[in-house]
Amino acid sequence: MVRPRILILGAPGAGKGTQSARIAEAFDVEHVTTGDALRANKEMDISDLGLEYGTPGEYMDRGELVPDAVVNAIVDRALAEADGFVLDGYPRNEEQAEELDDMTDLDVVLYLEVGEEELVHRLTGRRLDPETGDIYHVEYNPPEEPAVESRLIQRDDDDEETVRERLRVYRENTEPVVERYEQQGVLERVDGEGSPEEVWEDVKATIEAAS
Ligand code: AP5
């Protein structure tokens, strides 16, 4: 079976991670996520690259983008090793989009659409299970087991001030990437405002129709 190569775009909090986990399972593809890869390497020493800060974490905790040289290398390696993938968190600017063109072809480009205040509400209420990596929300999707609830953590960049900065960075850098795929006629818009199950039904049908 030829596995699909899927790109999922959307603002911070649009539900990329939530839907990517379902895509990876249902279509048996790799979930390639720059956010998780960078969080696992927050303290990596990149001071020899002559950049403004010496670790990825210093960019992330300010809501800024990690420099392209670091992120491009992560994605290039991950895609070369994957037999089918859902790519989440990349490309985030036009330079990264050009790099991606050279790395691989895509079968589907999904774009999850969600309004700004809903994004802020989702991100500030997000909690993560450090043991399983599962994503929860204090209101929309709380865990059922008290043992799970007691170990949940909040991401360092999910306080409201940093969330607003991430959204500003998204509008400035990543919206042009969305327009780029729109102009190429390959962008598949999905309404991301429904429940996770409703969004999943649309995501699944769109991938099945396009791949
Ligand atoms: P990254 O980890 O990629 O964060 P992000 O793009 O800001 O996206 P999020 O993970 O915050 O949101 P999501 O869309 O996955 O939403 P989720 O499914 O969790 O990047 C973090 C940082 O790393 C960046 O700021 C940057 O510094 C750096 N970085 C990463 N990639 C980079 C790159 N390419 N270049 C440079 N720097 C890079 O859902 C959010 C919440 O909503 C959850 O609580 C969930 O339960 C809830 N939810 C989800 N769907 C629904 C729904 N349908 N209804 C109700 N609630 C929902």
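We count ligands from 1, going down the list as the structure has it; atoms in each ligand are counted the same way. What you see is a predicted model; the values in this text were computed from it and never measured.
- When hydrophobic residues (I, L, V, M, F, W, Y) are linked wherever their side-chain heavy atoms come within less than 4.5 Å, the members clustered with Leu119 are Val114, Val120, Leu123, Val163, Leu167.
- With hydrogens and angles left out, the side-chain atoms of Glu165 and Thr162 include no donor and acceptor closer than 3.5 Å.
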**Message:** Apply salt bridge (charged side-chain N to carboxylate O under 4.0 Å, His left out) to residues Glu197 and Arg22 and explain how you reach the verdict.
**Reply:** CA-CA 10 Å; Glu197 287 67 35; Arg22 295 181 185 225; 3.1 Å; yes
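- With sequence neighbours excluded, the residues that form a salt bridge (Lys or Arg N to Asp or Glu O under 4.0 Å) with Arg126 are Asp158.
- Applying the salt bridge (Lys or Arg N to Asp or Glu O under 4.0 Å) criterion to Glu160, with sequence neighbours excluded, gives Arg164.
- The closest side-chain heavy-atom distance from Leu110 to Leu112 is not below 4.5 Å.
- Within 4.0 Å of ligand 1, protein heavy atoms belong to Ala11, Pro12, Gly13, Ala14, Gly15, Lys16, Gly17, Thr18, Thr34, Gly35, Leu38, Arg39, Met60, Glu64, Leu65, Val66, Val71, Gly89, Tyr90, Arg92, Gln96, Arg122, Leu123, Arg126, Ile135, Tyr136, His137, Tyr140, Arg155, Asp157, Arg166, Gly192, Gly194, Ser195, Pro196, Val199, listed by chain and number.
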